Amino acid sequence: MKEIELTALLSPEWGIVENHFITTQFGASVICHTVDVSKIQLAFDAEYDGLSFEVQINHGVWTEYVVIDKKLTIDIRGHEADICIILRTWRTDSLNFWQHPVTLTTLLVDQGIVTPVNSNLPYITFVGDSITAGESMDVNGHHPELSYPLLVAEALKKPLNRIAYGGTGLTASAPFQQPTAVEALWHVADNVIRPRVVTDLVIINYGTNDFNYGATQEAFAFGLRIYLLELIKRFHSAKMVLLIPFSGAFETIYQREIKRFDNFVILDTSHWQIDNERVHPLMADHQRIAELILKGL
């Protein structure tokens, strides 16, 4: 087996620590093109309980692979292949994930050539909480590979940058305060810089946790104002689209606060008929959300 340089193959959800690559993001991916490769193996620094990835080869069906003995092994058939490997889940919550990142050490192949699937197009960036991360989309848990950010990115033929953590929000009422929404924009883990990529479109979905856990209108207005300023710092040249929470929460706050800036537009979700009985939309809902975002854009 020979080792392949990973840097150019990783999505922006991976950071670098001591020559290893770490992530705290469901949906972090490894994307590559192979020629004459029949086996790929990812190696990790430790055992992560229930760590699994979804793998797509040549744009076919997604297949779940579980990491065993710190290794993820994928067999490939055919002369050439486009491969997408997405971190689906491990038995933890977002807070613990942030505090204890997954560390990827090496990528090995048996033979052949591995190259990046590069695109000169700017990234599309999605920012938000567990809904944006693709958590709890089905009875068997998380499916970032079928979540609306990936579906929209694929439809627009743009590479995806996802910044999304369960339980987070824009106020102190949100149940998880690590990372804060602002911290997540700049870091991929505690004190680990988030790679910066060129993006021309940012779609933001925050407010669900704040509303569900009792944030006042005044607290959310203040948190939103601070966050909008931080988004301008991070993505000053991008078009930024704010989704009203699917429950309709804080709509008047959103409408009022964006008048302070020229950088944002609002996408009204009130008529989307997303089932508000569940915090987390299911797979069919994510498909509908993706379609409506594309229509709204």
Side-chain angles (χ1 to χ4, degrees), residues 26-27 124-138 142-144 146-156 158 160-171 173-175 181 184-185 199-217 219-221 223-225 227-228 230-231 235 238-297:
F26 297 119
I124 180 172
T125 296
F126 283 82
V127 184
D129 52 30
S130 57
I131 297 173
T132 302
E135 295 184 31
S136 301
M137 288 173 55
D138 191 59
H142 310 333
H143 283 282
L146 300 174
S147 61
Y148 75 85
L150 188 60
L151 298 177
V152 171
E154 287 180 339
L156 296 176
K158 295 173 76 69
L160 172 62
N161 179 27
R162 187 185 331 230
I163 306 171
Y165 295 92
T168 58
L170 304 183
T171 70
S173 295
L185 289 177
T199 186
D200 63 353
L201 177 60
V202 183
I203 298 178
I204 304 104
N205 184 358
Y206 265 124
T208 298
N209 288 315
D210 303 286
F211 180 78
N212 288 348
Y213 288 86
T216 65
Q217 298 278 313
F220 189 77
L224 178 61
R225 192 177 310 164
Y227 191 64
L228 296 183
E230 205 70 20
L231 286 170
F235 305 111
K239 175 182 178 181
M240 288 182 272
V241 179
L242 296 164
L243 300 183
I244 301 296
F246 303 129
S247 64
F250 303 122
E251 180 177 1
T252 57
I253 301 298
Y254 272 104
Q255 296 287 0
R256 187 182 73 204
E257 290 300 319
I258 70 160
K259 292 178 182 178
R260 302 174 184 273
F261 309 98
D262 298 325
N263 308 68
F264 302 94
V265 296
I266 284 179
L267 196 51
D268 182 10
T269 68
S270 62
H271 60 289
W272 287 10
Q273 299 179 336
I274 305 302
D275 188 352
N276 291 321
E277 293 299 315
R278 296 182 301 271
V279 174
H280 298 101
L282 300 181
M283 289 185 185
D285 296 317
H286 275 263
Q287 179 68 50
R288 177 169 173 75
I289 292 167
E291 293 169 356
L292 289 167
I293 287 175
L294 290 165
K295 183 178 180 181
L297 292 177

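Predicted model, so just to flag it, every value in this text is computed and none were measured.
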Report yes or no: does [X] contribute a side-chain atom to a donor-acceptor pair with the main-chain N or O of [Y] at less than 3.5 Å?
| X | Y | result |
| --- | --- | --- |
| R225 | E257 | no |
| N209 | T168 | yes |
| T269 | W272 | no |

Report task. Begin from the C-alpha positions of T252 and Q217 and carry the test side-chain contact (heavy atoms from CB on, under 4.5 Å) through to its verdict. Result -> CA-CA 9 Å; T252 57; Q217 298 278 313; 4.0 Å; yes
Using a 4.5 Å cut-off on heavy atoms from C-beta on, say whether the side chain of [Y] contacts that of [X].
| X | Y | answer |
| --- | --- | --- |
| T208 | I131 | yes |
| L267 | I293 | yes |
| L150 | F126 | no |
| D268 | E251 | yes |
| F235 | D200 | no |
| T125 | I203 | no |
| V202 | N161 | no |
| M137 | H286 | yes |

Tell me the closest heavy-atom pair linking [X] and [Y], and the distance in Å.
| X | Y | answer |
| --- | --- | --- |
| A221 | I253 | CA-CG2, 3.6 Å |
| D285 | P281 | CB-CB, 3.4 Å |
| A164 | A133 | CB-N, 3.5 Å |
| G214 | S173 | C-OG, 4.0 Å |
| G169 | A174 | N-CB, 3.5 Å |
| P245 | Y206 | CG-O, 3.5 Å |

Requested in this report: On the 0 to 90° scale, with breaks at 30° and 60°, tag the F250-F220 ring pair as parallel, tilted or perpendicular.
Outcome: parallel
Report task. May I have the step-by-step check of side-chain contact (heavy atoms from CB on, under 4.5 Å) for Y148 and L243, ending in yes or no? Result -> CA-CA 13 Å; Y148 75 85; L243 300 183; 4.1 Å; yes
Can you tell me how far [atom2] of [Y] sits from [atom1] of [X], rounded to the nearest 0.5 angstrom?
| X | Y | atom1 | atom2 | value |
| --- | --- | --- | --- | --- |
| L170 | L224 | CG | CG | 6.0 Å |
| M240 | I258 | CE | CD1 | 11.5 Å |
| F246 | S270 | CZ | OG | 12.0 Å |

Report task. Decide yes or no on side-chain contact (heavy atoms from CB on, under 4.5 Å) for S136 and H143, but give the supporting numbers first. Result -> CA-CA 7 Å; S136 301; H143 283 282; over 6 Å; no
Requested in this report: Carefully, step by step, assess V241 and L297 under the rule side-chain contact (heavy atoms from CB on, under 4.5 Å).
Outcome: CA-CA 9 Å; V241 179; L297 292 177; 4.0 Å; yes
Report task. Mark yes when over 12 heavy atoms from residues, nucleotides or ligands other than F211 sit less than 6.0 Å from its CZ; otherwise mark no. Result ->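 Incorrect, the count does not exceed 12.
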Query raised in the report: For Y213, does the OH atom have more than 12 heavy-atom neighbours from other residues, nucleotides or ligands under 6.0 Å away?
Result: no
Query - Donor-acceptor pair between D210 and T171 side chains, under 3.5 angstrom - result: yes
Query raised in the report: Does one side chain, of R162 or S147, offer a donor that lies under 3.5 Å from an acceptor on the other?
Result: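 Yes, because at least one side-chain N or O of R162 sits under 3.5 Å from a partner of the opposite role on S147.
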